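This is a predicted model, so every value here is computed, not measured.
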Amino acid sequence: MNYLKINGTQKQYEGAYDQMITLIKSQFNGQGVPESHWSKLEEQKEEQVDGILNMLASVYRSYFEETDIQNLYTHYSSSPEAQQANQSTFLNSATGQKLIAVQQSLIQNISAASESWSRDLYIATLEELKTMGFTPKQQ
């Protein structure tokens, strides 16, 4: 989980969550959705982002042993200069070789988890607003 925080994944999904809320706000603009509801969604951001990070951690665990994850963390938590200086050594290590071997499959599974998370979150948020009696504008 720490690896996903230091490699930019957490910030990426925090941004995605913010963009989704902005999109939904635009779809319900002028509908009278109380500001308290938008505030509630903002308060749920950390929990929702933790949800996708947990999903992604499971994806990584399906490919890597704990020592591999620690090696990834150690490499990617070092300074950019150190990463570049050690890139060849890292890629030639057992963890680096495993990363290279599973990269395409890993990317596909990360993408599938991401799509599932964003779709489910979007639909649940729309349904909640509809249940409250609000109707999105037609795009």
Side-chain angles (χ1 to χ4, degrees):
M1 185 77 130
N2 287 330
Y3 170 67
L4 297 174
K5 291 179 179 180
I6 59 105
N7 76 356
T9 300
Q10 180 175 358
K11 289 205 180 303
Q12 174 188 344
Y13 285 97
E14 287 171 350
Y17 185 89
D18 291 342
Q19 289 176 346
M20 184 197 69
I21 297 304
T22 298
L23 172 66
I24 293 172
K25 275 185 175 181
S26 73
Q27 292 174 334
F28 287 86
N29 188 29
Q31 297 291 314
V33 177
E35 190 57 41
S36 61
H37 184 72
W38 303 121
S39 296
K40 179 183 122 191
L41 291 175
E42 182 59 35
E43 291 168 8
Q44 293 173 349
K45 178 165 84 170
E46 183 177 344
E47 177 184 342
Q48 295 297 338
V49 171
D50 281 349
I52 183 61
L53 293 180
N54 286 326
M55 290 171 70
L56 295 177
S58 292
V59 171
Y60 274 88
R61 283 188 204 105
S62 72
Y63 289 95
F64 299 104
E65 302 293 325
E66 190 60 39
T67 55
D68 294 318
I69 293 171
Q70 183 58 45
N71 291 338
L72 289 165
Y73 176 81
T74 299
H75 179 70
Y76 289 108
S77 65
S78 62
S79 71
E81 296 81 16
Q83 285 180 39
Q84 185 154 1
N86 296 321
Q87 187 72 2
S88 179
T89 302
F90 175 73
L91 291 176
N92 288 318
S93 71
T95 300
Q97 289 297 300
K98 190 181 286 187
L99 178 61
I100 291 167
V102 302
Q103 192 167 23
Q104 290 304 316
S105 179
L106 177 64
I107 289 169
Q108 289 173 344
N109 283 300
I110 287 170
S111 179
S114 180
E115 288 173 21
S116 173
W117 173 78
S118 59
R119 180 189 58 246
D120 292 351
L121 185 57
Y122 179 79
I123 290 170
T125 305
L126 284 182
E127 290 304 317
E128 181 179 10
L129 286 163
K130 289 177 183 177
T131 300
M132 294 169 65
F134 300 106
T135 305
K137 294 189 295 187
Q138 297 298 317
Q139 299 283 326

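Between Q84 and P80, every side-chain heavy-atom pair lies at or beyond the 4.5 Å cut-off. Two residues are said to be in side-chain contact when any heavy atoms from C-beta on lie closer than 4.5 Å; L23 and M20 fail this criterion. M55 places none of its side-chain heavy atoms less than 4.5 Å from the side chain of S114. The shortest side-chain heavy-atom distance between L72 and F90 falls under the 4.5 Å cut-off. Looking only at side-chain heavy atoms (C-beta outward), H37 and L129 come within less than 4.5 Å of each other. No side-chain heavy atom of L99 sits under 4.5 Å from any side-chain heavy atom of Y63. Side-chain contact between I52 and L56 is present, with at least one heavy-atom pair separated by less than 4.5 Å. Counting heavy atoms from C-beta outward, W38 and I24 have side chains that approach closer than 4.5 Å.
Nearest heavy atom pair, residue A113 against residue V59, reads CB-CG2, 4.4 Å. Contact record, L91 with Q97: O-NE2, 2.6 Å, taken as the closest heavy-atom pair. Looking at every heavy atom in both residues, V49 comes nearest to Y17 through CG2-CB, 4.5 Å. Here the shortest heavy-atom pairing between I6 and S77 reads CD1-N, 3.5 Å. Across all non-hydrogen atoms, the minimal contact from P34 to F134 is CD-CZ, 3.8 Å.
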Begin with the C-alpha distance, continue with both residues' side-chain angles, and end with the deciding distance and a verdict on side-chain hydrogen bond (donor to acceptor under 3.5 Å, both in side chains) for Q87 and Q83. CA-CA 6 Å; Q87 187 72 2; Q83 285 180 39; over 6 Å; no
side-chain contact (heavy atoms from CB on, under 4.5 Å), that's the test. Do L106 and F64 meet it? Break it down for me. CA-CA 10 Å; L106 177 64; F64 299 104; 4.1 Å; yes
Candidate pair S111 and E115, rule side-chain hydrogen bond (donor to acceptor under 3.5 Å, both in side chains), full reasoning: CA-CA 6 Å; S111 179; E115 288 173 21; 3.2 Å; yes
Do T135 and K130 pass the side-chain contact (heavy atoms from CB on, under 4.5 Å) test, and can you show the C-alpha distance, the side-chain angles, and the key distance before you say yes or no? CA-CA 6 Å; T135 305; K130 289 177 183 177; over 6 Å; no
Step by step, would you call D68 with Y60 a side-chain contact (heavy atoms from CB on, under 4.5 Å)? CA-CA 10 Å; D68 294 318; Y60 274 88; over 6 Å; no
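With hydrogens and angles ignored, the 3.5 Å screen pairs a side-chain donor or acceptor of T125 with a backbone N or O of L121. With hydrogens and angles disregarded, no donor-acceptor distance shorter than 3.5 Å links the side chain of N29 to the backbone of K25. Remark: the backbone N or O of G51 is not paired with any side-chain donor or acceptor of N54 at under 3.5 angstrom.
The environment of Q12 atom CD is dense: over 12 non-hydrogen atoms of other residues, nucleotides or ligands sit within 6.0 angstrom.
Side-chain contact, E127 with T131: no donor N or O sits under 3.5 Å from an acceptor N or O. Side-chain atoms of E66 and Q70 form no donor-acceptor pair, as typed in the model, at a separation below 3.5 Å.
With values rounded to the nearest 0.5 angstrom, N92 atom CG is found 12.0 Å from N86 atom CG. Taking CG of N7 as the start and OH of Y76 as the end, the distance is 9.0 Å to the nearest 0.5 Å. Separating the CD1 atom in I69 from the OH atom in Y3 is a distance of 9.5 Å, to the nearest 0.5 Å. In this structure, CD in E43 is found 9.5 Å from NZ in K40, a value given to the nearest 0.5 Å. Here the straight-line distance linking atom OG of S26 with atom CD1 of I21 works out to 11.0 Å at 0.5 Å rounding.
The stretch residues 100-132 participates, sequence neighbours left out, in these ring pair (Phe, Tyr, Trp, His ring centres under 6.0 Å) pairs: Y13-W117.
K45 has a carboxylate O that lies under 4.0 Å from a charged side-chain N of E42, or vice versa, which qualifies the two as a salt bridge.
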